[in-house]
Every structure is written in structure tokens, then in C-alpha cells.
Amino acid sequence: MSEVTRSLLQRWGASLRRGADFDSWGQLVEAIDEYQILARHLQKEAQAQHNNSEFTEEQKKTIGKIATCLELRSAALQSTQSQEEFKLEDLKKLEPILKNILTYNKEFPFDVQPIPLRRILAPGEEENLEFEEDEEGGAGAGPPDSFSARVPGTLLPRLPSEPGMTLLTIRIEKIGLKDAGQCIDPYITVSVKDLNGIDLTPVQDTPVASRKEDTYVHFNVDIELQKHVEKLTKGAAIFFEFKHYKPKKRFTSTKCFAFMEMDEIKPGPIVIELYKKPTDFKRKKLQLLTKKPLYLHLNQSLHKE
């Protein structure tokens, strides 16, 4: 075993023990964070090309299954009514497997599959999938393995200023959701659309949320609008789609959306309402997400030469 591999296995083992310790002490937020970070590292290794990995294909499959178990434990901690909970004592069985991954040759103790590269679905595609899966009784095989090249965190820099023209920076502060703590890897996709739902600027994704607490997911991230305000067409709107990962269905799903119209562009804080998916870019059939007072909290800054 190379020094690099030994060090990697030690780091993975330490991370798994830390997560399990947090879990047994009831520090659920810390446990979930530790499990999700480790799951992402393991998943990356499981999906590495052959020449970039010191592990065999069989070992990578086992590493991928451990990542799935971490996601399942993480999901169980975030759910108040999970039917098929993945328990802490189950999770502790993974430590010797991970530690001895290079010599492990027994049957994996849990009937799980490695999570394929995460899918990010086009608008409308997800609803069809969810409908089909519900018809078949829920947690079936999940959608076919496929993935999108876009990864959360595609923010663009501010445009160069032009005399007499205004640039807009929108700080996404937080979003209020009744199940905020249960969202896995949440991020927001920001787009600017005309009345027909056509993109007027490049689409941007925020990085994954910085933290979750009570009924809020916190982002605290700046979005630079990729067009001078004066050049936006009449009736345009800025859309914010809240997305999160669903381990059972193995894809990134839109949970709700919000939008801001041109007459709402003014400096300072603004709170906007949340609507049910699918995202309606033409703004024809809008349905509020909930009667509860839950909003997307933004702060706008205008820059003019």
C-alpha cells in the first residue's frame, strides 16, 4: 500500500469516527455535515477513472456503497418520519470495511447500490420521473445513470461598468422552509428570463448553502447580474430556483422557486414569496408553496458609473 493510500484511508476512517461520535452525542447537524463531506469524497474516488485511482473496480464499488450508506444515515437524521431508517449501529459496521478496503472480500452487509453521478434534470423532466416512481410504489431503481456537466457553484464575476449604466448585485441571504434542516446539498439556480421564459443572461448556480438552522437555509452569497439593468427587456424577471439532492431518487430536485420583477429592483433588503414547482418561467399559473410566512431574503446593491 502506498503512503498516499494509507494516509487517505486514515483520513476517511477518522472522518467516519468523528461523524459517528457526533451522531451518538446527539450533535446531529455536525454528524450530517461530517457524513455528507465524507460521502462526497468517497463518491469521487468511486467514480475516478482507472488510471487516476489506486483502487480496483471492485474496491471502488464497495467505496461507493459506503458513500450511499452515509447518505442514507444522513437522510435518516434529517427526517422525522423515516420508514426505513439507517441506524447508527448499522453505520458502525462500515468502519472495519473502510479500514480494510484493500483486503475486504466479503459480501457487503447492506443491500445498497453506489450512487451514480448526480443528475440535474431539465424543467419538467423531474415531474415525469416522480410521477412514474410514485405509480410504481416509490423507491424503485431510480432514474437511469446519467449526469449533467453543471455542478453547483458557477457564479460569474461582475461585468465591466459602462457610463450611465447600472449593474445589480443581489445578495442571497437565506430562504425560509419548514423542513430546512432536511435538505441535502441545497443550492439556488439564478436566471433572468423574458416573458416567454427565454434566458436573457447566463444561468448561475450558488455554491451549496453555508449552513442550515431551524426553518432557514443560509447562503450569504452575491450574484452579479450579467446584464446592465437598462438593457433588460420589458417584463423580464429574475428567477431563483431552490434545489436539493434526493438520495433515494438519486437526482437533484427543484423544491420551490421565487422571482423578482423589474419594478422590484431597488437598493436594500427585499423578501419575496415562494411558489410550488415546477418553475413557471412564463408566470401564468403560480401557486404559493405554503400559507406559512416563508420567504426568500435578498439584499440588492446598484452600481452606476
May I ask you to test the [X]-[Y] pair for a side-chain heavy-atom distance under 4.5 Å?
X    : Y    : value
L156 : P202 : yes
T169 : L225 : no
L232 : V192 : yes
F259 : S191 : no
P186 : V208 : yes
L167 : E224 : no
L298 : R171 : no
L91  : F110 : no

Same apolar cluster: [X] and [Y], side chain cutoff 4.5 Å:
X    : Y    : answer
M262 : I272 : yes
Y104 : L9   : yes
Y216 : I188 : no
L155 : I172 : yes
V221 : L159 : no

Between [X] and [Y], does any side-chain donor sit less than 3.5 Å from a side-chain acceptor?
X    : Y    : result
S7   : R11  : yes
T189 : Q204 : no
H303 : S161 : no
E34  : S15  : yes

On a heavy-atom basis, which atom in [X] and which in [Y] lie closest, and how many Å separate them?
X    : Y    : result
A67  : Q43  : CB-N, 4.1 Å
V217 : A180 : CG2-CB, 3.7 Å
A236 : L200 : CB-CD1, 3.6 Å
R73  : F86  : NH1-O, 2.8 Å
D179 : K255 : OD2-NZ, 2.9 Å
C256 : I175 : SG-CD1, 4.2 Å

Electrostatic pair [X]-[Y], nearest N-O below 4.0 angstrom:
X    : Y    : answer
R40  : D185 : yes
K231 : E162 : yes
K285 : D280 : no
E95  : K93  : no

Open item on the list: For a side-chain contact (heavy atoms from CB on, under 4.5 Å) check, start with the C-alpha distance between L16 and L70, then their side-chain angles and the critical distance, and finish with the verdict.
Closed with: CA-CA 9 Å; L16 184 57; L70 288 164; 3.7 Å; yes
Distance (rounded to the nearest 0.5 Å) between [X] [atom1] and [Y] [atom2]:
X    : Y    : atom1 : atom2 : answer
L177 : L289 : CG    : CG    : 7.0 Å
I223 : F240 : CD1   : CZ    : 7.5 Å
I63  : T68  : CD1   : OG1   : 12.0 Å
K60  : K65  : NZ    : NZ    : 15.0 Å
K99  : R17  : NZ    : CZ    : 7.5 Å
T166 : L302 : OG1   : CG    : 6.5 Å

TODO: Would you please test I270 and M260 for side-chain contact (heavy atoms from CB on, under 4.5 Å) and show each step?
DONE: CA-CA 9 Å; I270 180 173; M260 202 176 85; 4.2 Å; yes
Backbone N or O of [Y] within a donor-acceptor pair of the [X] side chain at under 3.5 Å?
X    : Y    : result
Q59  : T56  : yes
E264 : E261 : yes
S24  : A20  : yes
E230 : M165 : no

Output side-chain donor-acceptor pairs under 3.5 Å for residues 26-33, partner residues at least two apart or in another chain, one line each.
none

- [ ] Could you tell me whether H218 atom NE2 has more than 12 heavy atoms of other residues or ligands within 6.0 Å of it?
- [x] yes
- [ ] Please report the C-alpha distance between F242 and F257 in whole Å, then the side-chain angles of each, then the deciding distance to 0.1 Å, and finally whether the side-chain contact (heavy atoms from CB on, under 4.5 Å) criterion is met.
- [x] CA-CA 6 Å; F242 180 85; F257 72 99; over 6 Å; no
Task: ILVMFWY clustering at 4.5 Å (side-chain atoms), partners of I198 - done: none
Task: Check against salt bridge (charged side-chain N to carboxylate O under 4.0 Å, His left out), E3 and R6 - done: CA-CA 5 Å; E3 198 51 49; R6 183 179 284 112; 3.3 Å; yes
Open item on the list: Under 6.0 Å between ring centres: does that hold for H244 and Y187?
Closed with: no
TODO: Please state whether the rings of W12 and F55 are parallel, tilted or perpendicular, taking 30° and 60° as the class boundaries.
DONE: parallel
Task: Non-neighbouring partners of E273 that pass side chain to side chain contact (heavy atoms under 4.5 Å, CB included), sequence neighbours left out - done: Y275, L288, Y295
Open item on the list: Between K234 and D194, does the side-chain contact (heavy atoms from CB on, under 4.5 Å) criterion hold? Intermediate values first, please.
Closed with: CA-CA 8 Å; K234 196 177 172 196; D194 68 10; over 6 Å; no
- [ ] Among T279, D199, T233, find the residue that satisfies the side chain to side chain donor-acceptor pair (under 3.5 Å) test when tested with K193.
- [x] D199
